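Right, one structure below, let's go through it.
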Amino acid sequence: MVARDLLGRVLCRRLPDGDVLRGRILEVEAYDGPGDRASHAHRGLTKRNAPMFEAGGIAYVYLVYGMHHCLNVVTGARDYPAAVLIRAAESPDGASAAAGPGRVTRAFRIDRSLDGAPLIGPDLWLEEGKRVPEAEVRRTPRVGVPYAGAWARKPYRFVVVPGGERPGR
DNA sequence: GGTGCGATTGCA
DNA sequence: GCAATCGCACCA
């Protein structure tokens, strides 16, 4: 599964001033296919979710609640809407972690100008990182989608737990 | 052309 | 517990 393989990869972002921010991905959620009721794509192609219907390898960035951006990695084939929401990553400053999709995009200065951008640079890209061992991967149901019925309970959320102990949240 | 709400966060 | 804040999906 692509979502699980994104854990540990390094999210990289070049700012307008040339500085580069990096941080390992620590938490993701998968949204898979038109039938996934938790996905923005389940009602079909719209202006907002259009990038999800493109071929994988690009970003899907949208604004939620009028104040927070969320970053997704589009993973499906063309016309098959699938994406992985980046919910948490190491903070670029290396000190703390950015936990929560809105915090990740804020820490990396990601907004809708990157919607649909290819994930192979120049402003946003992914690098290989140390693979996260299975012992440190936790699977849980997704967050914030209680309206999705049975789909809300699918264990499509992947979290890196450094010690290999205790599920997050 | 008008209205309601969300893949959230932060503060009371 | 609840307000903040706005693009856009949906209905008329």
Side-chain angles (χ1 to χ4, degrees), chain A residues 1-9 11 13 21 23-93 95-119 123-124 126 132 137-161 167-169:
Chain A
M1 183 160 245
V2 181
R4 186 252 175 273
D5 292 332
L6 282 176
L7 294 176
R9 295 194 66 173
L11 175 65
R13 163 81 168 122
L21 307 177
R24 293 169 63 231
I25 295 172
L26 300 178
E27 178 182 343
V28 299
E29 280 182 8
Y31 290 85
D32 185 26
D36 185 349
R37 287 182 54 203
S39 172
H40 287 164
H42 108 270
R43 296 184 219 203
L45 175 65
T46 67
K47 185 175 180 180
R48 177 176 65 167
N49 66 26
M52 289 185 75
F53 288 79
E54 295 297 318
I58 65 174
Y60 166 41
V61 183
Y62 65 93
L63 184 64
V64 274
Y65 301 111
M67 43 177 43
H68 300 293
H69 294 278
C70 289
L71 169 66
N72 293 251
V73 173
V74 177
T75 61
R78 185 171 175 75
D79 293 329
Y80 182 87
V84 177
L85 170 66
I86 308 301
R87 289 193 59 88
E90 281 179 341
S91 182
D93 59 34
S96 55
R103 293 193 186 136
V104 170
T105 52
R106 190 181 58 187
F108 284 83
R109 308 289 150 77
I110 291 167
D111 61 29
R112 287 173 309 154
S113 68
L114 292 168
D115 193 26
L119 290 172
D123 299 320
L124 187 66
L126 294 174
V132 177
V137 176
R138 285 288 176 284
R139 295 187 63 158
T140 81
R142 289 174 291 188
V143 175
V145 292
Y147 55 80
W151 285 92
R153 295 191 287 278
K154 288 186 172 293
Y156 281 1
R157 175 169 173 254
F158 298 77
V159 188
V160 175
V161 183
R169 226 191 267 220

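From a predicted model like this one, the values you see are computed outputs, not experimental measurements. The chains referred to below are lettered A, B, ... by the order of the sequence lines, with proteins before strands, and numbering in each begins at 1.
Annotation: proximity of residues 33-58 of chain A to DNA chain B (heavy atom, distance under 4.0 Å) is found for A:Ala38, A:His40, A:Met52, numbered in ascending order. DNA chain C lies under 4.0 Å from no heavy atom of any residue of residues 148-156 of chain A.
Rounded to a whole Å, the OH atom of A:Tyr65 is 18 Å from the P atom of B:dG4. In this structure, A:Asn72 places its CG atom 11 Å from P of B:dA7, rounding to the nearest Å. Between the CE atom of A:Met67 and the C1' atom of B:dG10 there is a distance of 9 Å, given to the nearest Å. Here the P atom of nucleotide B:dT8 and the CZ atom of A:Arg157 are 11 Å apart, to the nearest Å. Atom-to-atom, CG of A:Asp111 to P of C:dC6 comes out at 14 Å; the value is rounded to the nearest Å. Counting to the nearest Å, the C1' atom of B:dG6 and the OH atom of A:Tyr147 are 7 Å from each other. Nucleotide B:dT8 holds its P atom 16 Å from the CD1 atom of A:Ile110, rounded to whole Å.
For A:Asn49 (side chain) and A:Gly44 (main-chain N/O), a donor-acceptor pair under 3.5 Å exists by modelled atom type. Under the 3.5 Å distance criterion, the side-chain polar atoms of A:Asp36 are left unmatched by any main-chain donor or acceptor of A:Tyr31. When atom types are taken as modelled, the side chain of A:Arg142 and the backbone of A:Trp151 share a donor-acceptor pair closer than 3.5 angstrom. Judged by distance alone, the side chain of A:Arg139 and the main-chain N or O of A:Pro155 form a donor-acceptor pair under 3.5 Å. Judged purely by atom type and a 3.5 angstrom limit, A:Asp115 uses its side chain to pair as donor or acceptor with the backbone of A:Val61.
Among B:dA7, C:dC6, B:dT8, the nucleotide with an atom closest to any side-chain atom of A:Leu63 is C:dC6. Ranking B:dT9, B:dA7, C:dG7 by closeness to the A:Arg112 side chain, first place goes to C:dG7. Looking at the side chain of A:Arg103, the nearest of the listed nucleotides B:dA7, B:dG10, B:dT8 is B:dG10.
Per the stacking criterion (ring centres < 5.5 Å, plane angle < 30°), A:Tyr31 stacks onto the base of B:dA7.
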Compile the donor-acceptor pairs under 3.5 Å between side chains in residues 99-108 of chain A and protein atoms, sequence neighbours left out, one pair per line.
unit_1   : atom_1 : unit_2   : atom_2 : d
A:Arg103 : NH1    : A:Ala99  : O      : 2.7
A:Thr105 : OG1    : A:His69  : O      : 2.7
A:Thr105 : OG1    : A:Pro101 : O      : 3.3
A:Thr105 : OG1    : A:Gly102 : O      : 3.0

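When side chains are defined from C-beta on, A:Asn72 counts as touching A:Tyr62, because their heavy atoms get closer than 4.5 Å. Residues A:Tyr60 and A:Cys70 are not in side-chain contact: their nearest non-hydrogen atoms beyond the backbone lie 4.5 Å or more apart. Residues A:Leu114 and A:Arg13 meet the side-chain proximity criterion, which asks for heavy atoms closer than 4.5 Å. Counting heavy atoms from C-beta on, the side chains of A:Val159 and A:Leu26 never come closer than 4.5 Å. With a 4.5 Å cut-off on side-chain heavy atoms, A:Val28 and A:Val73 do not count as touching.
Closest of all the heavy-atom pairs between A:Glu27 and A:Arg157 is OE2-NE, 2.7 Å. Minimum interatomic distance between A:Tyr147 and A:Ala38 (heavy atoms only, all atoms of both residues): OH-O, 3.7 Å.
With hydrogens and angles left out, the side chain of A:Tyr62 and the base of B:dA7 share a donor-acceptor pair within 3.5 Å.
The phosphate of B:dT9 (OP1 or OP2) has no side-chain N or O of A:Arg106 nearer than 4.0 angstrom.
Judged as a salt bridge (charged side-chain N to carboxylate O under 4.0 Å, His left out), the pairs with a partner in residues 54-80 of chain A (not counting sequence neighbours) are, in order, A:Glu54-A:Arg78.
Between the P atoms of B:dG2 and C:dT5, the separation comes to 23 Å (whole Å).
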Produce the list of close N/O pairs, under 3.5 Å, pairing protein atoms with atoms of nucleotides 1-3 of chain B; give distances to one decimal.
none

Output the pairing pattern of DNA chain C as a dot-bracket string, 5' first, Watson-Crick or G-U wobble with both distances under 3.5 Å, | for cross-strand pairs, [ ] for crossing pairs. ||||.||||||.
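No option in A:Leu124, A:Ile58, A:Val74 other than A:Leu124 meets the side chain to side chain contact (heavy atoms under 4.5 Å, CB included) test with A:Leu119.
Within the nucleic acid shown, A:Arg142 has no heavy atom closer than 4.0 Å to any nucleic acid atom.
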